[in-house]
J.: 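Okay, here's the structure, questions in a sec.
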Amino acid sequence: MVLPARCLPNVWKEFAALQAANLDGSARREHQWGDRFQVFTWVNHILYTYQDRGGQTHTIPVHVVQCEETWTDAQGKSQHRVWAWISSQPLTSANGVARCKRGARHRWDIESTFLVQKQHGGHYEHAFSYDWQAMKAWHYLMQLAH
């Protein structure tokens, strides 16, 4: 799940504190992906507390991974982006990069496809029918056409 910088401020605060305490670098991995240099850092078992709709308080562990990317664009300018995700499973040096690349980035590709279908002529956000079977057929036809 994507973790925007403006969401879950307590999780971000805990992530920053625990990330800074990782002096041995065991929760850090550098990676070259095409022309992009990436630095992955992660913190496991951050306790997140929330209230459900009934007012009951729950505390769950979340695992956060952050990717800082730097690259030079086509105009020769240096670019820098930071991405972060929450995982329900603990992260390690062996699985952190793969989860970000195959899971989180793949999700972005899927969402980009839907964005094209919505805003570039497909009018995908409109309900052309209230019949469920017709809507499923419309969805499959849109996927084939794209």
Side-chain angles (χ1 to χ4, degrees), residues 1-128 130 132 135-136 138-140 142-146:
M1 182 183 314
V2 175
L3 179 59
R6 66 187 179 280
C7 295
L8 305 179
N10 290 338
V11 170
W12 275 109
K13 184 178 178 182
E14 189 73 12
F15 175 78
L18 293 172
Q19 181 187 30
N22 181 32
L23 300 177
D24 66 353
S26 61
R28 176 187 166 94
R29 183 168 173 204
E30 296 179 354
H31 186 75
Q32 189 72 33
W33 184 52
D35 64 341
R36 296 178 183 222
F37 179 72
Q38 301 172 319
V39 177
F40 291 90
T41 53
W42 59 91
V43 174
N44 290 315
H45 306 291
I46 296 173
L47 294 180
Y48 172 62
T49 302
Y50 68 97
Q51 280 189 340
D52 63 18
R53 291 183 183 178
Q56 189 173 13
T57 301
H58 303 274
T59 300
I60 59 169
V62 295
H63 317 283
V64 177
V65 61
Q66 178 177 284
C67 173
E68 292 190 51
E69 277 185 342
T70 55
W71 73 97
T72 303
D73 67 15
Q75 288 78 30
K77 289 189 205 173
S78 180
Q79 299 289 329
H80 180 259
R81 297 286 184 275
V82 178
W83 312 95
W85 300 276
I86 293 177
S87 175
S88 61
Q89 300 295 316
L91 299 149
T92 66
S93 181
N95 71 13
V97 173
R99 283 190 188 170
C100 293
K101 297 265 181 263
R102 294 189 185 119
R105 284 293 175 96
H106 181 64
R107 180 177 170 262
W108 180 80
D109 288 339
I110 292 168
E111 290 177 1
S112 292
T113 298
F114 286 128
L115 182 66
V116 167
Q117 292 171 358
K118 286 180 184 180
Q119 297 181 354
H120 298 285
H123 305 291
Y124 199 66
E125 71 272 15
H126 299 291
F128 291 108
Y130 292 106
W132 181 244
M135 288 303 293
K136 285 194 323 187
W138 175 254
H139 170 75
Y140 292 132
M142 285 293 288
Q143 299 311 307
L144 285 170
H146 187 260

J.: For Gly34, is there any backbone N or O sitting under 3.5 Å from a side-chain donor or acceptor partner on Gln32?
T.: yes

J.: So how far is it from Arg28 CZ to Ser93 OG, rounded to the nearest 0.5 Å?
T.: 11.5 Å

J.: With Val62 as reference, evaluate Val43, Ile46, Leu3 under the side chain to side chain contact (heavy atoms under 4.5 Å, CB included) test and give the passing residue.
T.: Ile46

J.: Using a 4.5 Å cut-off on heavy atoms from C-beta on, say whether the side chain of Thr72 contacts that of Asp35.
T.: no

J.: Tell me every residue that passes ring pair (Phe, Tyr, Trp, His ring centres under 6.0 Å) with Phe37, counting only those two or more places apart in sequence or in another chain.
T.: none

J.: Under a 4.5 Å cut-off applied to non-hydrogen side-chain atoms, are Glu30 and Gln38 in contact?
T.: no

J.: For His80, enumerate each residue passing the ring pair (Phe, Tyr, Trp, His ring centres under 6.0 Å) test, keeping only those at least two apart in sequence or located in another chain.
T.: none

J.: Do you know which two heavy atoms are closest between Arg36 and Glu69, and how far apart they sit?
T.: NH1-OE1, 2.9 Å

J.: What is the distance from atom CG of Leu91 to atom CZ of Arg29, rounded to the nearest 0.5 Å?
T.: 12.5 Å

J.: Please tabulate, for side-chain N and O atoms in residues 7-15, each donor-acceptor pair with protein atoms closer than 3.5 Å (sequence neighbours left out).
T.:
from	atom 1	to	atom 2	distance (Å)
Trp12	NE1	Pro4	O	3.0
Trp12	NE1	Cys7	O	3.2

J.: If you define the side chain from C-beta out and look only at heavy atoms, does anything of Cys67 sit under 4.5 Å from Trp85?
T.: yes

J.: To the nearest 0.5 Å, tell me how far Ile86 CD1 sits from Tyr48 OH.
T.: 8.0 Å

J.: Is any side-chain heavy atom of Ile60 closer than 4.5 Å to one of Tyr50?
T.: yes

